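The structure displayed is predicted, hence computed values, not measured ones. Order of appearance sets the numbers: ligands from 1, and atoms from 1 within every ligand. If you read the sequence from its start, that first residue is 1, and numbering goes on from there.
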Amino acid sequence: MSAVPQTQVSKERQDFYKRIDTGHVAPLWEVLHDLITPKPKTPCVPVAWKWQTVLPWIMESGQLITAKEAERRVLVLENPGLRGQARATHSLYAGLQLVLPGEIAPAHRHSQSALRFIVSGDGAYTAVDGERVTMHVGDFIITPSWTWHDHGNPSSEPIIWMDVLDVPIVELLDAQFLERPGVEKQTIVRTEGESFARYGNTMMPLDYTPRSHTSPLFWYPYTRAREALATLAASENPHPCHGHKLQYINPANGGPAMPTIGSFVQMLPSGFKGRDYRSTDSTIFSCVEGRGRVNVGEQTIEFGSKDTFVVPSWMKYRFEVEEETVVFSASDRPVQQALDLWREEA
Ligand code: 1HN
């Protein structure tokens, strides 16, 4: 087996390749070195989207198209290494969605799973399978695969959140489905807060039987996450790479909130100088509070509240902050772990 690039290709071999090409057949040895590499070879590159840069564009989009006409008024965060593919990383889609006061983003459902991480605004809602939840900055909300969802903003201020979807994963598997009900808003069949009461208090209904791998809890309020991080920061030593870091889970099985997207929140205490870390899951970060720097490979990304940035697969990175900083993140880690592919190195 020769896994080195074939430089001089003889006339005899070229003729052979041409003949087999007509039958849709190709020689592996010409491409093997590119297919199986000693370490991850991702097209994804480190990148940051600064809030001060994107906010004016998001607000401008609000003048150009309504949420209804757009179906979803979102500016896609495209990784510079993946332009034109609507991807923030090789496996995940990310975008910033705007819903203006009085607007509705109409109901639909799709096989792709989505998360919403609220960046700016207060008092808009999303409805998931017949239950509304009011959104606040820092809240983590999931829209599981094939659940009806619509968004509305009865508040007096614009709301902006980050969407992360497993679009590229579902596309790879050719398992896309989308349905529109033909009505703008789904029928609300549950009281706001019902799911949280049932699944969000370290208790479960006695007769709970899982219908999927996804969490039955769809709203993870920032107040709870913030409180947990503050308590940890006061009681444990920070992890040398991650500070104080927690993952959002499915309370029914302890696994990730969604089977395709892992989601995390971490507090970096003031003066934190993290050690180098890398893992095979390219990760999308959104800074909630504070500010700092992340050194990724040769680059230094300065970030502050509401900025988004990406760390690609297997690139060493480390955090440094002067003030206490909270960062949300999402990646394809659950997929890699389910397939025994995930690796990390601290
Ligand atoms: C979608 O359904 C939403 O429901 C947002 O808010 C972004 C990006 C790609 C495909 C579907 C939403 C999306 C999306």
Side-chain angles (χ1 to χ4, degrees), residues 49 54 57-58 61-62 64-79 82-121 123-136 139-155 158-186 188 214 218-220 257-258 260-261 263 284 286 308 310 328 330-332:
W49 294 275
V54 293
W57 295 335
I58 294 167
S61 75
L64 294 172
I65 193 164
T66 63
K68 188 177 173 176
E69 192 192 347
E71 186 160 349
R72 295 295 184 263
R73 191 207 285 113
V74 186
L75 295 187
V76 181
L77 303 177
E78 284 200 339
N79 192 283
L82 294 155
R83 289 309 312 273
Q85 299 181 49
R87 296 169 189 215
T89 70
H90 209 184
S91 60
L92 293 177
Y93 160 98
L96 291 167
Q97 178 157 183
L98 168 70
V99 184
L100 289 169
E103 284 192 321
I104 286 170
H108 69 198
R109 64 175 174 177
H110 39 70
S111 47
Q112 292 84 356
S113 298
L115 72 81
R116 330 278 170 200
F117 188 73
I118 317 310
V119 178
S120 173
Y125 68 84
T126 184
V128 179
D129 260 356
E131 183 178 334
R132 273 190 191 184
V133 60
T134 304
M135 300 162 137
H136 314 279
D139 287 358
F140 166 70
I141 296 170
I142 64 168
T143 307
S145 172
W146 210 239
T147 51
W148 294 109
H149 53 285
D150 51 75
H151 319 302
N153 188 355
S155 88
I159 186 144
I160 300 168
W161 66 78
M162 175 172 75
D163 294 304
V164 176
L165 285 89
D166 55 9
V167 172
I169 298 171
V170 179
E171 185 188 335
L172 171 73
L173 301 171
D174 286 334
Q176 308 95 320
F177 293 94
L178 166 74
E179 208 170 74
R180 295 184 182 92
V183 289
E184 269 197 345
K185 291 196 238 179
Q186 57 184 298
I188 299 303
T214 305
F218 67 95
W219 175 55
Y220 299 72
M258 290 185 286
T260 48
I261 312 176
S263 40
I284 303 160
S286 176
T308 312
V310 162
F328 168 84
S331 79
D332 62 14

Contact check, side chains of M258 and L115, non-hydrogen atoms, under 4.5 Å: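 Yes. Closest side-chain heavy atoms under 4.5 Å.
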Please examine the side chains of H149 and H110, heavy atoms only from C-beta on, and report whether any two atoms are closer than 4.5 Å.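 Counting from C-beta outward, H110 and H149 do come under 4.5 Å.
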List the atom of E131, the atom of F218, and the distance in Å for their closest heavy-atom pair.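 Reported closest heavy-atom pair: O-CZ, 3.7 Å.
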How long is the gap from CD on Q112 to CG on D163, to the nearest 0.5 Å? 12.5 Å
For ligand 1, which part of L165 has a heavy atom less than 4.0 Å away: the side chain, the backbone, both, or neither? side chain
Contact between ligand 1 and Q112 is defined here as a heavy atom of the residue under 4.0 Å from a ligand atom; is it met? no
Could you list the atoms of ligand 1 found under 4.0 angstrom from a heavy atom of [X]?
{"X": "H110", "result": "1 (C), 2 (O), 11 (C)"}
{"X": "R116", "result": "3 (C), 4 (O), 5 (C), 6 (O), 12 (C)"}
{"X": "H151", "result": "4 (O), 6 (O), 12 (C)"}

Geometric class of the H151/W161 ring pair [parallel <30°, tilted 30-60°, perpendicular >60°]: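 Answer is perpendicular, since the angle exceeds 60°.
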Of all the non-hydrogen atoms in the protein, which one sits nearest to atom 4 (O) of ligand 1, and at what distance? R72 NE, 2.7 Å
